[in-house]
Amino acid sequence: MTVSVVLFTSDLRLRDHPPLSAAVAAGDYVVPLFVRDAAIAASGFAAPNREAFLRDCLADLDAGLRERGGRLVVRSGDVVDVVRGIAARARAEEVHVAAGVSGYAQARERRLVRALEADGRRLRVHDAVITAVAPGAVTPSGGSDHFAVFTPYFTRWSAERPRRPLRAPRAVRVPEGVPSGRIPRREAVRGVAEGLAGGGEKAGRALLLSWRRSGLADYAAHHDDLPGDATSRLSPHLHFGTLSPAELVHLAREKYGPGSDAFVRQLCWRDFHHQVLAARPEASAADYRERHDHWREGTSAARDIQAWKEGRTGYPVVDAAMRQLLHEGWMHNRGRLLVASFLTKTLYVDWRVGAQHFLEHLVDGDIANNQLNWQWVAGTGTDTRPNRVLNPVLQGRRYDPDGVYVRRWLPELAGLAGRRVHEPWKLGAAERAGYDYPEPIVGLGEGLARFKGARERGRERGRD
DNA sequence: GCCGACTTTTT
DNA sequence: AAAAGTCGG
């Protein structure tokens, strides 16, 4: 009798799961294991919204395994200790896991290899399943270990054929003698956003099918429309791996109208950021490119940061997006760009501050996508144009022309009709008194001057 | 080392 | 029209 352990990480699904399929094919018994990692719980990466979504995912994964005669084994603690103990208890020969890209995942893999080897067991690391094309699968012809610019990457990536998505195994036999453990209830998590989406592979597939039917074709035309909310909303499922990006690429390439190409391009952006992080794991905290910034600090910066977090900057479209984040644990992509630009360029606050706040709230909060997109906006990342600044008023007028999005999230401005809602400071004093809404905490020109001046001084210092 | 090209804009 | 440098072939 042979037994394998499958360690689930960011791949909480049964379909298109190479480690699970390999383990089922290799032996008589499989222990599907998820470890609630004590190190992650103690880190700044824990967040109630993701914890709640995760519990949905685990419950659904367990249900799917039970439909196949198996069950999920859940434990808490140090992931290496737990895997080692479970493997010993089940007398497993091998442990299967999908490769991860973050520094943490890479270190975890190294520790697992060592620990298991000491016991005479083997860790089988499968290609990353968090992306459609594995990090490192395509590299520039010059010999670098990763692409630093999106477009050449997209060209090479597009020529790759993502692996054919695997079917879910028909049956999974779990050995007796390994207790299942308890999947904690979602309802017990405190501080969860009211409008949080539900997790799990079933929920993900339902969302995918309805979106393919009614959203994908118009994606290219409407994905930037803030009130239209026409993005896929699949990001939390991609983060937790309840949907397979390889499957999504196959599906979108079957051409569901003009939106397919634009959507595939967005999927490539995920892969792009993951291959950058896999090669430069330190980019989760350090500037990918040093721009000699000296970000604002001290009490005045702290006050601005607080206003930004609460959605009280006085710039309606910024505040609306920040309130959406607090309310849903999610933010429209266009909103993410504009609030990030506002924090880093207009308020000239360190991108890490914003990235951390996003990680505390986003249900899809993902180290690769979040940190590297923040760096992109801040100008310290892979953008070769580090001075790009988004003007919140123009962004509001362009992507929320009638102010519908702003009024949806800012009840205090709900009575202010039309596009005037983007510039409440232009109202006459009498009218303005009717709205309990802050004056802008910074002038756009003032913010821009501060950013450019600081960058210039930093560059001169850097040349010395 | 040349040179074409570069998600997301602003004026 | 000018981004503002820098990547990648």
Side-chain angles (χ1 to χ4, degrees), chain A residues 138-159 219-226 228 230-232 235 258-276 279-280 283 287-293 315 317-318 321 331-346 351 354 358 368-370 372-401 405 422-423 443-445 447-449 451-456 458-460 462-463:
Chain A
V138 293
T139 51
S141 51
S144 168
D145 58 355
H146 73 289
F147 279 92
V149 173
F150 175 75
T151 301
Y153 177 74
F154 182 53
T155 305
R156 290 284 285 105
W157 181 93
S158 298
Y219 180 73
H222 295 311
H223 68 102
D224 266 333
D225 173 15
L226 281 167
T231 61
S232 74
S235 54
S260 286
D261 288 345
F263 183 60
V264 169
R265 193 179 166 87
Q266 292 304 313
L267 292 172
C268 182
W269 269 100
R270 294 183 63 256
D271 283 18
F272 174 70
H273 287 140
H274 280 79
Q275 60 97 44
V276 171
R280 298 282 181 278
D287 289 352
Y288 179 77
R289 275 191 243 280
E290 171 59 66
R291 298 290 186 192
H292 306 291
D293 286 298
Y315 287 95
V317 78
V318 172
M331 192 194 292
H332 192 286
N333 180 246
R334 173 53 52 179
R336 299 188 196 200
L337 291 172
L338 94 231
V339 303
S341 181
F342 187 81
L343 185 75
T344 58
K345 301 282 171 66
T346 307
W351 63 267
F358 270 30
N369 294 319
N370 187 62
L372 290 170
N373 270 317
W374 267 96
Q375 292 223 46
W376 194 91
V377 174
T380 63
T382 56
D383 189 6
T384 55
R385 294 173 47 192
N387 297 320
R388 214 190 292 266
V389 180
L390 308 190
N391 177 323
V393 176
L394 299 179
Q395 290 279 307
R397 278 192 245 170
R398 185 181 303 170
Y399 301 112
D400 184 26
Y405 179 77
H422 291 303
E423 296 169 284
L444 295 181
L448 203 59
F451 161 66
K452 291 203 162 149
R455 271 273 169 93
E456 185 56 36
R459 264 168 51 189
E460 277 162 23
R463 274 197 289 271

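Computed over heavy atoms, backbone and side chain alike; hydrogens, waters and symmetry mates excluded. A note on names: the letters A, B, ... follow the listed sequences, proteins ahead of strands, and every chain is numbered from 1.
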So [X], base contact, sugar-phosphate only, or nothing? Heavy-atom distance under 4.0 Å.
X: A/Thr384; answer: base
X: A/Phe154; answer: nothing
X: A/Val389; answer: sugar-phosphate
X: A/Leu338; answer: nothing
X: A/Arg388; answer: sugar-phosphate
X: A/Arg334; answer: base

Let's see if you can work this out: which of [options] has an atom nearest to the side-chain heavy atoms of [X]?
X: A/Phe147; options: C/dG9, B/dT11, C/dC7; answer: C/dG9
X: A/Arg398; options: B/dT9, C/dC7, C/dA4; answer: B/dT9
X: A/Arg385; options: C/dC7, C/dA3, B/dT10; answer: C/dA3
X: A/Tyr399; options: C/dG8, B/dT11, B/dT9; answer: B/dT9
X: A/Ala148; options: B/dT9, C/dG8, C/dG9; answer: C/dG8
X: A/Leu390; options: B/dT10, C/dT6, C/dA3; answer: B/dT10

Worksheet item: Phosphate oxygens OP1/OP2 of C/dA4: is one of them under 4.0 Å from a side-chain N or O of A/Arg291?
Response: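 Answer no for this pair, as no side-chain N or O of A/Arg291 is under 4.0 Å from OP1 or OP2.
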Discussion item. Quick check on C/dG9: is either OP1 or OP2 less than 4.0 Å from any side-chain nitrogen or oxygen of A/Tyr153?
Written reply: no
Worksheet item: In whole Å, what separates the P atom of C/dA4 from that of B/dC3?
Response: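 Going atom to atom, P in each nucleotide, I get 23 Å.
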Worksheet item: Watson-Crick or G-U wobble partner for B/dC3, using a 3.5 Å limit on both distances?
Response: C/dG8
Worksheet item: How are the rings of A/Phe150 and A/Phe154 set relative to one another: parallel (under 30°), tilted (30 to 60°) or perpendicular (over 60°)?
Response: parallel
